[in-house]
Amino acid sequence: MHIHATIEPLSWENQFFAINSSILRFAEHAPAVTPEALAPWGRVQAKIAASQVALLDALQHLGFQLVEGEADLALPVRERGDTRAEVATERDIPRLRELAARAFALSRFRAPWYADDASGRFYAQWIENAVRGTFDNECLVFRDATGDIAAFVSMRQLASGEARIGLLAGRGAGEALMNAATGWAHRRGLSTLRVATQMGNTAALKRYIQSGANIVSTAYWLYR
């Protein structure tokens with residue numbers, strides 16, 4: 001099977017990780033992908049639907065390796081909410097960065113593909129950006145009795161009239177976080193809440209399904 005795709009540089013990731021990386025954008029009329037075209041890149045990413053078995057085999061033949069599976073879920077927005085949830089402010093950023101780096105240390109940006117601390121740094125920057133309203137729109141937090149942040153969820157409104165959860169973390173707080181997320185979407189008149197997670201994260205999958213979500217698609221990430 002011939003793979004047809006353009007090779008698109010990942011400028012932001014290249015700057016952040018200091019790796020010459022790109023991603024395949026599959027298109028029927030794009031050039032055939034060859035080892036020679038891939039050779040100049042330090043890292044090439046590919047994301048494919050889990051059902052594309054022939055494409056998976058062809059990518060592996062070109063030297064791509066499976067990194068992780070991803071499940072995308074959606075649930076209808078109903079009137080929920082948790083009044084304990086607060087909007088994070090800039091003074092919360094140092095603590096949120098620490099929590100995010102710890103919670104997402106084993107993402108697809110993990111070693112050996114990236115530096116040992118790369119995943120933690122990436123998600124620490126993500127949650128800081130969410131607090132500042134760049135990429136994600138807002139970060140909601142729950143605090144313990146001492147006032148320390150115990151759990152957080154970042155939220156983004158999509159152009160389609162839907163919302164997407166960015167990052168969600170907090171041991172034992174899954175139900176409260178999902179209620180806060182759906183409440184955030186409901187207040188904005190949005191109809192659907194979306195969230196993605198690693199297929200191996202069965203605890204997260206169970207929580208989302210218990211909250212009323214259904215799996216709408218699954219995908220594989222591969223690197224070369």
Checklist outcome for this item: Rounded to the nearest 0.5 angstrom, the OG1-CG distance for Thr197 and Leu168 is 9.0 Å
Checklist entry - Looking at residues at least two apart in the chain, or sitting in another chain, which of them share a salt bridge (charged side-chain N to carboxylate O under 4.0 Å, His left out) with Arg108? => result none
Next on the checklist: Restricting to side chain to side chain donor-acceptor pair (under 3.5 Å), what partner residues turn up for Asn129, sequence neighbours left out?
Outcome noted: Gln125
Next on the checklist: Using 0.5 Å steps for rounding, measure from the CG atom of Leu190 to the CZ atom of Arg164.
Outcome noted: 13.0 Å
Checklist entry - Got a donor-acceptor contact below 3.5 angstrom from the Arg188 side chain to the Trp184 backbone? => result yes
Item to check | Taking every non-hydrogen atom, the tightest pair across Pro40 and Asn20 | outcome: O-ND2, 3.1 Å
Checklist entry - Considering residues at least two apart in sequence or located in another chain, which fulfil the ring pair (Phe, Tyr, Trp, His ring centres under 6.0 Å) criterion with Phe135? => result Trp126
Item to check | Residue pair Val141, Cys139: steps toward the side-chain contact (heavy atoms from CB on, under 4.5 Å) verdict | outcome: CA-CA 7 Å; Val141 299; Cys139 176; 4.1 Å; yes
Next on the checklist: Quick check for you: to the nearest 0.5 Å, what is the distance between Leu177 atom CG and Leu140 atom CG?
Outcome noted: 8.5 Å
Checklist outcome for this item: Sorted by chain and residue number, the ring pair (Phe, Tyr, Trp, His ring centres under 6.0 Å) partners of Phe122 (sequence neighbours excluded) come out as Trp12, Phe17, Phe109
Checklist entry - Is His4 reaching over with its side chain to a backbone N or O of Ala30, donor-acceptor style, under 3.5 angstrom? => result yes
Checklist outcome for this item: Scanning both residues in full, the closest heavy-atom pair of Gln157 with Asn137 reads N-OD1, 2.6 Å
Next on the checklist: For Lys47, give me all partners under side-chain contact (heavy atoms from CB on, under 4.5 Å), at least two apart in sequence or on another chain.
Outcome noted: Glu70, Ala219, Trp221
Item to check | With Thr192 via side-chain contact (heavy atoms from CB on, under 4.5 Å) - residues at least two apart | outcome: Ala74, Glu162, Arg194
Next on the checklist: Quick one: does any side-chain atom of Ser154 pair with a main-chain N or O of Leu167 as donor and acceptor, under 3.5 Å?
Outcome noted: yes
Next on the checklist: Can you give me the closest heavy-atom contact between Ala71 and Met199, atom names plus distance?
Outcome noted: N-CG, 3.8 Å
Checklist entry - Got a sec, which residues hit side-chain contact (heavy atoms from CB on, under 4.5 Å) with Ser217, two or more places apart in sequence or on another chain? => result Asp72
Item to check | Phe26/Ile48 under side-chain contact (heavy atoms from CB on, under 4.5 Å): CA gap, chis, key distance, verdict | outcome: CA-CA 9 Å; Phe26 300 100; Ile48 66 171; 3.7 Å; yes
Checklist entry - If you look at every heavy atom in Leu193 and Ile165, which pair is closest and at what distance? => result CD1-CG1, 3.9 Å
Checklist entry - With sequence neighbours excluded, what pairs up with Arg224 under the salt bridge (charged side-chain N to carboxylate O under 4.0 Å, His left out) test? => result none
Checklist entry - Has Tyr220 got more than 12 heavy atoms of other residues, nucleotides or ligands less than 6.0 Å from its OH? => result no
Item to check | Pair Glu175-Gln210, side-chain hydrogen bond (donor to acceptor under 3.5 Å, both in side chains): steps then yes or no | outcome: CA-CA 9 Å; Glu175 182 177 6; Gln210 286 178 338; over 6 Å; no
Next on the checklist: Within a 6.0 Å radius of atom CG on Leu158, are there more than 12 heavy atoms belonging to other residues, nucleotides or ligands?
Outcome noted: yes
Give the table of side-chain donor-acceptor pairs shorter than 3.5 Å for residues 55-67, with sequence neighbours excluded, one pair per line with atom names and distance.
none

Checklist entry - Is there a path of hydrophobic side-chain contacts, each under 4.5 Å between heavy atoms of I, L, V, M, F, W or Y residues, that connects Met1 with Val33? => result yes
Next on the checklist: Ignoring hydrogens, what is the shortest heavy-atom contact between Gly170 and Ala151? Give both atom names and the distance.
Outcome noted: CA-CB, 3.7 Å
Checklist entry - Taking C-beta and beyond as the side chain, do Leu99 and Ile149 meet within less than 4.5 Å on heavy atoms? => result yes
Item to check | Cation-pi check, Arg43 onto Trp41 ring (under 6.0 Å, within 45° of axis) | outcome: no
Item to check | Cluster overlap Val87 with Ile127, hydrophobic side-chain contacts below 4.5 Å | outcome: no
Next on the checklist: Is there a side-chain contact between Val44 and Ile23 in this structure, where contact means two heavy atoms from C-beta onward sitting under 4.5 Å apart?
Outcome noted: no
Checklist outcome for this item: Shortest non-hydrogen pair, Arg110 vs Ala105, comes out as CB-O, 4.3 Å
Checklist entry - Going by the angle between their ring planes, with limits at 30° and 60°, are Tyr223 and Trp113 parallel, tilted or perpendicular? => result perpendicular
Checklist entry - Would the number of heavy atoms belonging to other residues, nucleotides or ligands and lying under 6.0 Å from CD of Gln52 be above 12? => result yes
Checklist entry - Between Val216 and Val77, is there a shared hydrophobic cluster once you connect ILVMFWY residues whose side-chain heavy atoms come closer than 4.5 Å? => result no
Checklist entry - Which distance, rounded to the nearest 0.5 Å, do you find between the CG of Leu73 and the CD1 of Ile209? => result 6.5 Å
Item to check | Exam field: side chain Ser22 to backbone Leu10, donor-acceptor pair closer than 3.5 Å | outcome: no
Checklist entry - In chain order, what residues pass the side-chain contact (heavy atoms from CB on, under 4.5 Å) check against Ser11, with sequence neighbours excluded? => result none
Checklist entry - Stepwise, does the side-chain contact (heavy atoms from CB on, under 4.5 Å) test hold for Met155 with Asp136? => result CA-CA 6 Å; Met155 301 297 303; Asp136 285 349; over 6 Å; no
Checklist entry - From Ile19 CD1 over to Gln15 CD, what is the distance, rounded to the nearest 0.5 angstrom? => result 13.5 Å
Next on the checklist: By the side chain to side chain donor-acceptor pair (under 3.5 Å) test, which pairs, at least two apart or in different chains, include something from residues 142-152?
Outcome noted: Glu86-Arg143, Asp92-Arg143, Arg95-Asp148, Asp144-Thr146
Item to check | Worked verdict on Leu75 versus Thr182 for side-chain contact (heavy atoms from CB on, under 4.5 Å) | outcome: CA-CA 9 Å; Leu75 66 154; Thr182 53; 4.0 Å; yes
Next on the checklist: Just to verify, what does Glu128 make a salt bridge (charged side-chain N to carboxylate O under 4.0 Å, His left out) with, not counting sequence neighbours?
Outcome noted: Arg97, Arg132
